[in-house]
Protein chains: 2
Amino acid sequence: MIMTPAPLISGTNAERSRMSNRQAALGQIRSAGQMGRAEIARNLGLSTQAVSNIIADLQADGLLVEAGTRSQGRGLPAVQYGINAEGGYALGVEIRPDAIFTAIVDLHGNATATRRRTLKNNEPEYLINMLLKLRAEMLEKTGVDDKRLMGAGIVIPGPFGQTGVSGLGSDLAGWQHLDAHALFEEALQLPVELSNDANAAAMSEQITTGLNNFAYLYFGAGLGLGLINQGQLVKGAFGNAGEIGHVQVMTANGPQSLESQLSRVAIQKHMNANNTIDITAIEYLFNQSDPKLMQWLDAGADALSQALALIENLFDPQSIILGGAMPAPLLEYLTTRTVLPTLSVSNREDNPHPRLQIGTCGRMAATLGAASLILNRAFTPNATSL
Amino acid sequence: MIMTPAPLISGTNAERSRMSNRQAALGQIRSAGQMGRAEIARNLGLSTQAVSNIIADLQADGLLVEAGTRSQGRGLPAVQYGINAEGGYALGVEIRPDAIFTAIVDLHGNATATRRRTLKNNEPEYLINMLLKLRAEMLEKTGVDDKRLMGAGIVIPGPFGQTGVSGLGSDLAGWQHLDAHALFEEALQLPVELSNDANAAAMSEQITTGLNNFAYLYFGAGLGLGLINQGQLVKGAFGNAGEIGHVQVMTANGPQSLESQLSRVAIQKHMNANNTIDITAIEYLFNQSDPKLMQWLDAGADALSQALALIENLFDPQSIILGGAMPAPLLEYLTTRTVLPTLSVSNREDNPHPRLQIGTCGRMAATLGAASLILNRAFTPNATSL
DNA sequence: TTATTAACTCAAATGACTTGAGTTATCAAG
DNA sequence: CTTGATAACTCAAGTCATTTGAGTTAATAA
């Protein structure tokens with residue numbers, strides 16, 4: 001499977017300008033909730049008239065709805081516009097070796113339908129058929145016209161391609177040499193965004209928090225890092241950026257991989273569990289204040305602290321967000337136990353954001369993140385290929 | 001000093017489209033060396049006529065020159081255009097606590113004049129006056145019209161602002177709370193790009209290598225990391241991304257900071273030198289195969305190997321480039337001694353680029369890099385504020 | 001020698017934005 | 001309560017940069 005770095009810089013003409021301006025206007029409205037035309041025009045450096053035309057278009061396309069008027073001081077009150085949740089939908093998909101998760105997400109970012117199926121195998125044909133069936137089911141249930149589906153965001157386990165960290169358990173058997181992107185686009189007949197779990201979850205967090213320079217630590221089976229720089233995902237040359245699990249940290253037992261200290265699998269191992277411990281089981285143990293789990297959390301906090309120092313000094317983010325398939329209270333507890341590193345460029349007074357915070361938690365974090373890859377394109381100029 | 005993340009997304013109109021297309025056309029020509037109009041049009045997705053108009057403009061502005069014709073197969077031979085080196089210049093500046101380096105660089109990236117002065121102190125007024133004097137000197141010597149100066153790229157020692165790693169020796173005394181950007185723009189009456197040494201050097205390397213996803217390890221007094229993602233610098237929220245020197249690596253003497261193992265200061269310490277060892281001294285020692293230096297190199301190669309694993313797994317670059325104020329032969333030797341990590345996403349067969357390579361070396365690397373921050377803006381659409 | 005091909009030019013058409021005049025509704029001041 | 005200032009918005013004309021389509025030119029292939 002090939003992921004080209006694609007530096008495709010393209011020229012601009014009137015039509016592409018309009019497209020770009022439409023997206024910029026939508027982006028403004030989304031991040032503010034609702035807005036008037038004159039304000040959008042000021043923010044984008046366009047004339048009121050231009051924005052009026054654009055808004056009229058968007059409204060005709062069903063992407064916007066009027067939302068009353070608002071007056072601030074003198075002058076004619078501004079007619080407010082908001083995103084029409086039903087104006088468009090994104091298909092979010094997470095594929096794991098053992099299961100597939102899907103969701104239909106509206107323009108407000110709310111899931112209107114979700115599905116979860118266990119997988120018998122990872123053969124492309126089986127998987128694609130499953131995916132098509134789930135899409136059809138969800139579309140029927142929600143009554144969404146499939147013309148309103150803007151695209152599919154698909155999370156598949158990294159690393160992409162055959163690399164030095166392949167075959168360590170999490171990747172999809174038999175997919176290393178496939179062009180998954182083309183395969184999915186062909187099957188779904190939709191624009192597709194491929195990504196790993198951490199990047200997808202990070203993108204979704206960008207939308208909800210409004211941050212545009214941050215790092216996202218995603219707890220899946222292992223541990224992944226999603227990086228957002230200037231609002232853009234840092235995917236790396238082959239889409240494999242963020243493989244933080246293999247980074248070494250110091251422990252009482254000498255240097256170990258971060259993933260072996262801080263992940264669901266690490267918990268499993270620490271608890272000497274024979275079968276997989278999932279998020280529900282972890283939540284139960286945490287609510288019981290299970291001594292072994294609490295012990296693990298202390299060691300985990302130490303590893304996390306080292307990871308923070310690393311991320312902060314390499315990336316200087318506004319904030320580091322924890323999320324993924326872990327119970328929120330556990331991550332909350334983990335943050336309170338974690339020492340924020342002193343020797344760090346993020347150790348400064350004038351950052352208005354917390355250095356460490358909790359984001360979206362739960363099983364569907366990556367699936368919703370996948371959908372947000374598509375939503376993001378609708379709201380960001382020049383993001384067609386990211 | 002405040003560096004805003006500046007997510008300013010702006011709308012597009014006819015004039016801004018033209019500006020963007022001009023830059024895109026220049027970028028095409030630069031990366032290809034020379035090109036015909038029809039080819040540019042195809043690459044940018046514009047009509048031939050549009051590109052013809054743009055090229056005529058650029059030629060009238062003195063940014064392009066005709067460079068003969070080229071025929072490939074049938075059809076009218078294409079008139080080729082190339083960048084006119086004298087069409088514009090950038091001022092490159094590196095400020096260190098003890099010295100200032102400046103250069104005037106033409107559109108081909110060649111330095112037409114350079115200066116180096118030691119600094120008595122770091123007071124803003126003294127520094128600015130020195131800078132103005134050097135600029136005047138260089139402009140006079142080269143006969144460059146100061147209207148042709150497109151801007152100034154200025155490298156100042158990080159970290160920016162008062163952080164947890166400030167006051168460790170390298171930063172400019174008394175500058176933490178100044179708005180350096182405004183200060184320089186006011187004094188020079190030019191657009192200014194501020195950056196740390198590693199980022200500037202990385203940008204310059206992007207231009208010479210054509211890579212757009214890579215990491216650059218910059219050997220200054222310490223060690224810095226410059227990251228380029230999708231052709232864009234990863235600066236971090238406060239401009240302090242890439243502080244890799246403080247990252248911990250394993251050594252025979254337990255965990256140590258990377259900078260203590262792999263930097264000019266580390267050499268100094270290892271050699272038990274009382275006075276600073278500069279690049280010339282290091283080159284001499286290396287040519288003598290000085291046993292202590294060679295011993296240091298072995299330990300350094302080990303530290304470098306760990307740094308590579310880290311960078312590769314976090315950023316998945318096309319390549320990692322070594323450069324800066326070190327003798328090229330020493331870095332060459334270092335690369336041959338460095339084990340490329342196995343457990344890395346970069347350990348793959350299908351990457352056409354070497355995982356580790358040497359870039360620009362020498363005292364002026366950061367200064368020329370600073371200038372390239374300005375040159376880059378001229379050749380990249382939407383890069384006005386990076 | 002001739003047909004084909006591709007780069008390029010000219011002039012008209014198109015698309016999207018800007019400009020400027022005019023309308024409307026709110027707030028503030030008298 | 002009236003009046004004036006203000007700001008959002010609309011309409012119509014103007015501007016800018018691009019596209020389109022009909023030539024023109026020069027090289028190569030047949």
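Note that this is a predicted model, so its numbers are computed, not measured. Residue numbers begin at 1 in each chain, while the letters A, B, ... track the order of the sequences. Just so it is clear, the values below take in all heavy atoms, side chains as well, and ignore hydrogens, waters and symmetry mates.
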Atom-to-atom span, CZ of A:R70 to C1' of C:dA25 - whole angstrom: 16 Å
Residue closer to the 5' end of DNA chain C, B:Q72 versus A:T69 (nearest nucleotide): B:Q72
Any A:R42 side-chain N or O less than 4.0 Å from OP1/OP2 of D:dA8: yes
side-chain N/O A:R18 vs C:dG15 OP1/OP2, d < 4.0 Å: no
Distance below 4.0 Å between B:R74 side-chain N/O and D:dA26 OP1 or OP2: no
Residue pair A:G231 / A:Q206: nearest heavy atoms and the distance that separates them: CA-NE2, 2.9 Å
Sugar-phosphate, base or nothing in reach of B:T12, heavy atoms under 4.0 Å: sugar-phosphate
A:A50, nearest nucleotide to its side chain (from C:dT18, D:dA8, C:dC8): C:dT18
Which residue lies more 5' along DNA chain D, comparing A:Y81 with B:I54 via nearest heavy atoms: A:Y81
B:N13, nearest nucleotide to its side chain (from D:dT19, C:dT18, C:dC8): C:dT18
Sugar-phosphate only, base, or nothing, as touched by A:A38 at under 4.0 Å among non-hydrogen atoms: sugar-phosphate
Pairwise side-chain contact, B:R18 with A:T12, heavy-atom cut-off 4.5 Å (strictly under): no
Among D:dC16, C:dC17, D:dA26, the one nearest B:L76 by side-chain distance: D:dA26
Rounded interatomic separation in angstrom, taking CD1 from B:I55 and P from C:dC8: 10 Å
Among D:dA8, D:dT19, C:dG15, the one nearest B:L46 by side-chain distance: D:dT19
Options C:dC8, C:dA25, D:dG4, nucleotide nearest the side-chain atoms of A:P77: C:dA25
Donor-acceptor side-chain pairing of B:S17 and A:S17 below 3.5 angstrom: yes
Phosphate OP1/OP2 of D:dA8 contacted by A:S71 side-chain N/O (<4.0 Å): no
Protein-nucleotide distance (B:E66, atom CD; C:dC8, atom C1'), rounded to Å: 12 Å
Interatomic distance, B:R37 CZ vs D:dA26 P [rounded to whole Å]: 14 Å
Length of the CD-P vector between A:E15 and C:dC17, whole Å: 11 Å
Worked check of salt bridge (Lys or Arg N to Asp or Glu O under 4.0 Å) between B:R22 and B:D61: CA-CA 11 Å; B:R22 275 172 65 110; B:D61 290 351; 2.9 Å; yes
Rounded distance (Å) that lies between atom P of D:dA17 and atom CG of B:N21: 10 Å
Proximal nucleotide (of C:dA16, D:dT6, D:dT10) relative to the A:Q49 side chain: D:dT10
Exam field: side chain A:S20 to backbone A:R16, donor-acceptor pair closer than 3.5 Å: no
Side-chain donor-acceptor contact under 3.5 Å, B:N213 with B:Q318: no
Sugar-phosphate, base or nothing in reach of A:N53, heavy atoms under 4.0 Å: nothing
Sugar-phosphate only, base, or nothing, as touched by A:S47 at under 4.0 Å among non-hydrogen atoms: base
Residue-phosphate contact under 4.0 Å: A:T48 side-chain N/O, D:dC9 OP1/OP2: no
